[in-house]
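Beneath this line is the structure, given in structure tokens, with notes to follow.
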There are 2 protein chains.
Amino acid sequence: MQNLEKILEHNHIKPTAMRLLVLQFLLNKKVAISLTDVENHFDQSDRTTLYRTLNTFVEKGISHKIDDGTGITKYALCEENCHCEIDTDLHLHFHCTKCNETVCITEYKIPPIHLPKDYIAENVNLVVKGICEKCNNK
Amino acid sequence: MQNLEKILEHNHIKPTAMRLLVLQFLLNKKVAISLTDVENHFDQSDRTTLYRTLNTFVEKGISHKIDDGTGITKYALCEENCHCEIDTDLHLHFHCTKCNETVCITEYKIPPIHLPKDYIAENVNLVVKGICEKCNNK
DNA sequence: CAAATAATGCACTTCCGTTGCATAGGGTTT
DNA sequence: AAACCCTATGCAACGGAAGTGCATTATTTG
């Protein structure tokens with residue numbers, strides 16, 4: 001998968017071994033993952049490195065941070081056309097209370113939010129909790 | 001303010017001195033407050049007691065928990081007609097990145113959220129970040 | 001090759017939420 | 001009033017997660 005290297009280089013991230021592994025992990029997982037998730041997957045690696053790797057990904061714009069209300073920061077790769085820094089493009093996140101997984105729902109956009117006068121919105125975070133499609137069909 | 005006692009008793013909470021003070025603090029503050037906020041306000045009081053007091057208020061339904069994405073749990077008194085346990089009634093929260101305050105925007109309800117097939121929504125959390133009316137007019 | 005720059009690993013800190021347990025207070029029963 | 005019970009309170013400590021400082025290793029560049 002030299003593809004991975006291209007992704008990193010394209011976003012001005014030096015493709016180190018660790019970063020490639022983390023990127024692959026993120027690609028395989030379709031759900032948002034936490035630092036601890038990554039840590040558990042790469043047994044002999046250091047948490048700080050993973051922490052900084054994930055942060056680098058966010059800074060460079062290939063993934064975004066998710067606050068799903070569990071108190072644990074999650075990360076997910078951005079889609080091709082993701083402009084997660086721009087508020088109009090923000091998608092919603094769904095947190096399943098059964099399997100405890102958080103997924104990005106990109107098909108449906110956040111409807112326009114009305115705010116009282118003089119409030120300026122810079123950013124919208126919408127998390128829906130409930131039962132996900134997988135758990136519902138079990 | 002024997003009013004305060006009535007509020008507590010009406011919600012089956014024994015009106016202790018501490019609880020009355022915390023309730024009054026919540027009433028005065030129009031913004032959502034954190035445990036640390038309360039702790040700082042009541043200098044000589046114990047963190048655990050305040051923690052449990054706030055939780056009691058939430059359990060008994062006179063206030064609700066807010067996750068505003070800062071990673072710090074906030075609390076705010078429910079409005080008269082607040083049914084915060086029912087998802088259709090959820091209001092949105094606004095977090096000002098300048099003054100760092102979080103307020104409940106009760107005038108505007110969360111628009112209906114569309115979800116993919118087989119997803120069941122139980123709960124919606126919507127936090128808008130930006131500049132609040134106060135900071136905008138400064 | 002040497003120097004500079006960046007990434008990594010280790011240790012440690014801080015902050016917040018939470019729990020266990022012992023004590024104190026208020027109300028009730030004898 | 002004394003004994004009792006239940007609840008609230010206060011203290012101590014734990015645990016998880018985010019974050020930082022610094023030394024070390026790797027990687028690029030002159």
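Computed from a predicted structure; not experimentally measured. Chain letters run A, B, ... following the sequence lines, proteins first and then strands; every chain starts at 1.
- Aromatic ring centres of B:His91 and B:His93 lie closer together than 6.0 Å.
- Remark: A:Thr48 is not in phosphate contact with D:dG19, judged by side-chain N or O atoms under 4.0 Å from OP1 or OP2.
- Atoms CD1 (B:Ile72) and C1' (D:dA18) sit 12 Å apart, rounded to a whole Å.
- In plain terms, the two heavy atoms of A:Asp68 and A:Thr70 that are nearest each other are OD1-OG1, 2.6 Å.
- Ring centroids of B:Phe94 and A:Tyr119 are separated by less than 6.0 Å, placing the two rings close together.
- Salt-bridge formation is not detected for the pair B:Lys14/B:Glu9: no Lys NZ or Arg NE/NH1/NH2 atom is positioned less than 4.0 Å from an Asp or Glu carboxylate oxygen.
- Here the C1' atom of nucleotide D:dA8 and the CG atom of B:Leu23 are 17 Å apart, to the nearest Å.
- In this structure, the side chain of B:Asn136 does not engage the main chain of B:Cys132 through any donor-acceptor pair within 3.5 Å.
- Remark: C1' of D:dG19 and CD of A:Glu39 are 14 Å apart, rounded to the nearest angstrom.
- One can place CE of B:Met18 at 7 Å from P of D:dG10, the figure rounded to the nearest angstrom.
- Note: OH (B:Tyr51) to C1' (D:dA8) measures 16 Å, nearest angstrom.
- At a threshold of 4.0 angstrom between heavy atoms, the contacts of B:Thr73 are confined to the sugar-phosphate backbone, with no base atom among them.
- You can see that DNA chain C meets the heavy atoms of chain B within a 4.0 Å-exclusive cut from C:dC16 to C:dC21, reading 5' to 3'.
- Following rounding to the nearest Å, A:Asp67 (CG) and D:dA18 (C1') show an atom-to-atom distance of 13 Å.
- Not a single donor-acceptor pair, N or O on each side, falls under 3.5 Å between the base of D:dG19 and the side chain of A:Arg52.
- A:Leu50 places its CG atom 17 Å from the P atom of D:dT20, with the value rounded to the nearest Å.
- The C1' atoms of five pairs define one axis at each end of the helix from C:dC1-D:dG30 to C:dT30-D:dA1, and these two axes lie 0° apart (to 10°).
- Atom pair A:Arg47:CZ and D:dG16:P shows a separation of 10 Å (rounding to whole Å applied).
- Hydrophobic cluster membership is shared by B:Val128 and A:Val128, with clusters built from Ile, Leu, Val, Met, Phe, Trp and Tyr side chains linked at under 4.5 angstrom.
- Judged purely by distance below 3.5 Å, without hydrogens or angles, the side chains of B:His95 and B:Asn100 pair a donor atom with an acceptor atom.
- Backbone-only engagement by A:Arg19 is indicated by non-hydrogen atom pairs under 4.0 Å involving sugar-phosphate atoms exclusively.
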Please determine whether salt bridge (charged side-chain N to carboxylate O under 4.0 Å, His left out) holds for the pair A:Glu122 and B:Lys129, giving the CA-CA distance in whole Å, both sets of side-chain angles, and the decisive distance to 0.1 Å.
CA-CA 6 Å; A:Glu122 289 171 347; B:Lys129 291 192 184 179; over 6 Å; no
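- Mapping A:Ala17 and B:Tyr75 onto DNA chain C via the closest heavy atom, the residue that lands nearer the 5' end is A:Ala17.
- A residue-by-residue look at B:Lys14 and B:Lys65 shows that B:Lys65 has its nearest nucleotide of DNA chain C further toward the 5' end.
- Taking the six-membered ring for Trp and thresholds of 30 and 60 degrees, A:Phe25 and A:Phe42 have ring planes more than 60 degrees apart, a perpendicular arrangement.
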